[in-house]
Amino acid sequence: MALLPILEFPDPRLRTRAEPVTTFDAALAKLVDDMFETMYAAPGIGLAASQVNVHRRLLVMDVTEDHSEPLVFVNPEILSREEVGVMQEGCLSVPGFFDDVERAQRIQVRAQDRHGITFERELSGLAAVCLQHEMDHLEGKLFVDYLSVLKRDRIRRKLEKTQRDRAVRTGSDKVPAGAGAR
């Protein structure tokens with residue numbers, strides 16, 4: 001298994017809409033395993049393939065504190081949404097920032113597992129919110145898109161500065177995509 005680099009806002013690759021997964025093979029299984037390792041190490045509770053620059057409709061999540069319920073959703077689709085509420089969200093692609101986002105608190109989802117077997121599952125609370133957040137990534141959408149333009153621009157500027165400073169500290173002559181460009 002390997003840790004994968006996580007793209008950070010405002011990297012334009014995060015805006016790429018993911019394509020359906022059509023092949024369920026050893027390469028997909030390795031990607032799933034690498035995504036779990038990356039998510040747990042970050043640490044996070046969800047990770048979409050788009051965040052690791054693989055633009056396929058795949059996400060992993062585990063909202064348990066002891067990492068005891070790893071879930072894989074390939075080609076997920078939400079069948080129903082209920083009970084809208086507000087929960088504070090953060091994102092591995094927007095490190096260090098959190099804000100309130102309104103989402104359904106109960107959802108019914110259909111997806112495929114890592115072997116291509118279709119299943120349906122009801123999720124509620126944090127798991128429902130996490131799945132919706134990760135599915136947004138598959139559409140090229142970030143949680144900051146739910147915030148005001150003022151808040152989103154402030155976050156973008158701070159992250160661009162952090163990325164530039166990191167590039168200088170590491171001696172990299174390459175500034176990450178999107179950092180500093182407006």
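Scope of the values below: all heavy atoms of this structure, side chains included, with no hydrogens, waters or symmetry mates.
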- Is Arg57 paired with Glu77 through a side-chain N to carboxylate O contact shorter than 4.0 Å? no
- Do Ser68 and Asp66 get their side chains close enough for a donor-acceptor pair, meaning under 3.5 Å? yes
- Query: With distance as the sole criterion, is a donor-acceptor pair present between the side chains of Gln51 and Ser93 under 3.5 Å?
  - Reply: yes
- Item | Atom of Leu3, atom of Ala41 and distance for their closest heavy-atom approach | CD2-CB, 3.6 Å
- Query: In chain order, what residues pass the salt bridge (Lys or Arg N to Asp or Glu O under 4.0 Å) check against Arg152, with sequence neighbours excluded?
  - Reply: none
- Task: Identify the residue among Arg81, Glu120, Glu82, Arg121 that makes a side-chain contact (heavy atoms from CB on, under 4.5 Å) with Gln108.
- Result: Glu120
- Message: If I compare all heavy atoms of Met87 with all of Gly125, which pair ends up nearest, and what's the gap?
- Response: CE-C, 4.3 Å
- Task: Look at Lys30 together with Asp25 and state whether they make a salt bridge at an N to O cut-off of under 4.0 Å.
- Result: no
- Item | Straight-line distance of Leu58 CG to Gln112 CD, nearest 0.5 Å | 11.0 Å
- Query: Does the side chain of Asp99 come under 3.5 Å of the side chain of Tyr146 through a donor N or O and an acceptor N or O?
  - Reply: no
- d(Thr16 OG1, Glu139 CD) to nearest 0.5 Å is 12.0 Å
- Query: Would you call Arg106 and Glu122 a salt bridge, using N to O less than 4.0 angstrom?
  - Reply: yes
- Item | Arg103 bridged to Glu83 by N-O distance under 4.0 Å | no
- Do any pairs count as a side-chain hydrogen bond (donor to acceptor under 3.5 Å, both in side chains) and have a residue in residues 35-49, sequence neighbours left out, and if so which ones? Tyr40-Asp62
